[in-house]
Amino acid sequence: MLTIQEISQDNLNKTEIVPFWKVGTSDKARVKWLEDTMPVLEDISRDRIDTFSENLLYYTGDFDRALDYRVSVPGVRDTLVPKRIVPFIVQHLWDITEQRVARLSTYKPSFEVVPPHSEYRDRISSKLMKIMLDRFSRVNLLELALIDIERFNSILGEVYIGVEWNPKIGDLKSSRSKERVGDVDLCIKEPWYIFPEPKTKWKDVSWMVEILEIIHVEEARVKYNARSLEPDKTSYIY
């Protein structure tokens with residue numbers, strides 16, 4: 001919940017988000033758009049990402065014994081708990097979450113492909129598609145992935161799935177080569193790396209910014225051949 005102080009005009013980011021379709025086609029214009037837009041998206045998602053962190057700590061049962069803890073009794077003023085008697089916390093959320101995940105994991109992934117028409121060609125195509133989807137499920141260990149997906153969703157409240165091309169997997173190009181031909185890969189994306197367009201409804205979101213990797217500045221200088229690259233040293237999330 002936001003307080004009046006948190007949403008005061010002094011704390012609001014006054015930089016507008018320019019629609020991506022208004023950005024030019026040049027790389028320079030797109031980089032400038034990202035530089036201007038990313039801080040705004042991070043500011044909007046700050047409370048959202050803080051909630052992820054808090055929920056994760058509740059799940060793991062970790063807490064900082066150096067913080068001030070208070071006992072709240074209805075009708076009585078809150079009482080500060082002395083640090084020497086900070087109580088031992090019995091973690092039940094982990095057990096409850098894992099029970100829920102285990103219960104939902106009993107539902108196995110399955111596909112049913114229905115042909116759009118009763119013609120022979122459509123029926124054959126649907127059978128072939130069913131074989132392809134079953135193979136995709138086996139190769140990508142979809143049954144195990146669904147367990148992790150449900151765990152992420154139970155703890156954080158949201159999770160994202162990417163179906164992407166991975167050039168490092170698949171069959172070998174030849175018997176003498178160690179390179180792969182590539183294949184479709186299913187991957188779970190942590191929600192703190194996703195920054196969607198600010199909208200009130202998900203169906204209206206037309207773009208989002210995703211953090212694909214976090215690397216050291218020295219590695220980035222070599223990878224992108226930019227010796228003058230320096231960290232921005234801002235107070236933003238990333």
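For the numbers below, each heavy atom of this structure counts, side chains included, while hydrogens, waters and symmetry mates do not.
In D204, the CG atom is crowded: over 12 heavy atoms of neighbouring residues, nucleotides or ligands sit closer than 6.0 Å. Heavy atoms from other residues, nucleotides or ligands lying under 6.0 Å from OH of Y160 number more than 12. Atom CG of D95 has more than 12 heavy atoms from other residues, nucleotides or ligands within 6.0 Å. For M208, the CE atom is densely surrounded, since the number of other residues' heavy atoms within 6.0 Å is greater than 12.
Two different hydrophobic clusters hold I194 and I44 under the rule that ILVMFWY side chains link at heavy-atom gaps under 4.5 Å. In this structure, M129 is not a member of the same hydrophobic cluster as I124, with clusters built from ILVMFWY side-chain heavy atoms closer than 4.5 Å. When hydrophobic clusters are built by joining Ile, Leu, Val, Met, Phe, Trp and Tyr residues whose side-chain heavy atoms come closer than 4.5 Å, directly or via intermediates, W192 is not grouped with W202. Residue Y193 is grouped with residue I188 when hydrophobic side chains (ILVMFWY) are merged at heavy-atom distances under 4.5 angstrom, including chains of intermediate members. A single hydrophobic cluster is not seen to contain both L133 and L128; linkage of ILVMFWY side chains at heavy-atom distances under 4.5 Å, directly or through other members, places them apart.
Note on D36 versus K32: salt bridge recorded, some NZ/NE/NH1/NH2 to OD/OE distance being below 4.0 Å. The pair E213-K223 meets the salt-bridge criterion, with a side-chain N (NZ, NE, NH1 or NH2) lying under 4.0 Å from an Asp/Glu carboxylate O. Under 4.0 Å is where a charged nitrogen must lie from a carboxylate oxygen, and between R100 and E150 at least one such pair does. R151 and E98 are joined by a salt bridge, as a carboxylate oxygen and a charged side-chain nitrogen come within less than 4.0 angstrom of each other. A salt bridge links K189 with E164; the closest basic N to acidic carboxylate O contact falls under 4.0 Å.
In this structure the side chain of R180 never reaches within 4.5 angstrom of the side chain of I169, judged on heavy atoms. L93 is not listed as a side-chain neighbour of Y59, based on a closest heavy-atom distance of 4.5 Å or more. Contact check for I211 versus M38: side-chain heavy atoms found under the 4.5 Å cut-off.
Although no hydrogens or angles enter the test, the distance criterion places a donor-acceptor pair under 3.5 Å between the side chain of R48 and the main chain of P191. Counting only distance, with no hydrogens or angles, the side chain of S126 and the backbone of R123 share a donor-acceptor pair below 3.5 Å. With S177 contributing its side chain and S174 its backbone, the two residues share no donor-acceptor pair below 3.5 Å. Side chain of R221 to backbone of A226: no donor-acceptor contact under 3.5 angstrom is found. The backbone N or O of E119 sits nowhere less than 3.5 Å from a side-chain atom of H117 that would complete a donor-acceptor pair.
When all heavy atoms of N55 and L156 are compared, the closest pair comes out as ND2-O, 4.3 Å. The minimum heavy-atom distance between V217 and L229, with the atom names listed, is CG2-O, 3.8 Å. Residues N140 and L186 come closest through the heavy atom pair OD1-N, 3.1 Å. Here the closest non-hydrogen pair linking S105 and K108 is O-NZ, 3.5 Å. The two residues P115 and D122 come nearest to each other via the heavy atoms CB-O, 3.5 Å. Minimum interatomic distance between I17 and P198 (heavy atoms only, all atoms of both residues): CD1-CG, 3.8 Å.
The side chain to side chain donor-acceptor pair (under 3.5 Å) check on R30 picks up nothing, with sequence neighbours excluded.
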With side chain to side chain contact (heavy atoms under 4.5 Å, CB included) as the criterion, how do Y224 and I215 come out once you've worked through the C-alpha distance, each side chain's angles and the decisive distance to 0.1 Å?
CA-CA 12 Å; Y224 299 104; I215 60 178; 4.2 Å; yes
Check against salt bridge (charged side-chain N to carboxylate O under 4.0 Å, His left out), K130 and D134:
CA-CA 6 Å; K130 177 68 165 59; D134 288 339; 2.8 Å; yes
Stepwise side chain to side chain contact (heavy atoms under 4.5 Å, CB included) test for R46 and D43:
CA-CA 5 Å; R46 185 180 300 277; D43 202 23; 3.8 Å; yes
Start with the C-alpha gap between K168 and E179, add the side-chain angles, then the distance that decides, and say whether salt bridge (charged side-chain N to carboxylate O under 4.0 Å, His left out) holds.
CA-CA 7 Å; K168 298 181 180 180; E179 296 183 3; over 6 Å; no
Show, in sequence, the C-alpha distance, side-chain angles and deciding distance for V163 and V184, and conclude whether the side chain to side chain contact (heavy atoms under 4.5 Å, CB included) test is met.
CA-CA 7 Å; V163 180; V184 174; 3.5 Å; yes
Given the rule in the side chain to side chain contact (heavy atoms under 4.5 Å, CB included) test, do V222 and R227 qualify, once you have shown the distances and angles that lead to the verdict?
CA-CA 7 Å; V222 175; R227 294 295 179 182; 4.0 Å; yes
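Distance check: C187 SG to E190 CD gives 9.5 Å after rounding to the nearest 0.5 Å. The structure places CD1 of I155 at 11.0 Å from CG of L57, a figure rounded to the nearest 0.5 Å. L144 contributes atom CG, which lies 11.0 Å from atom CD1 of I149 (distance to the nearest 0.5 angstrom). Interatomic distance, CG of D47 versus CZ of F52, reported as 11.0 Å (0.5 Å rounding). Here the CD-CZ distance, from E210 to F195, works out to 10.5 Å after rounding to the nearest 0.5 Å. Taking CZ of F136 as the reference point, atom CG of L142 lies at 7.0 Å (rounded to 0.5 Å).
Ring to ring, W33 and W207 are close: their centroids are under 6.0 angstrom apart.
Looking at E143 and S137, their side chains never bring a donor and an acceptor atom within 3.5 Å of each other.
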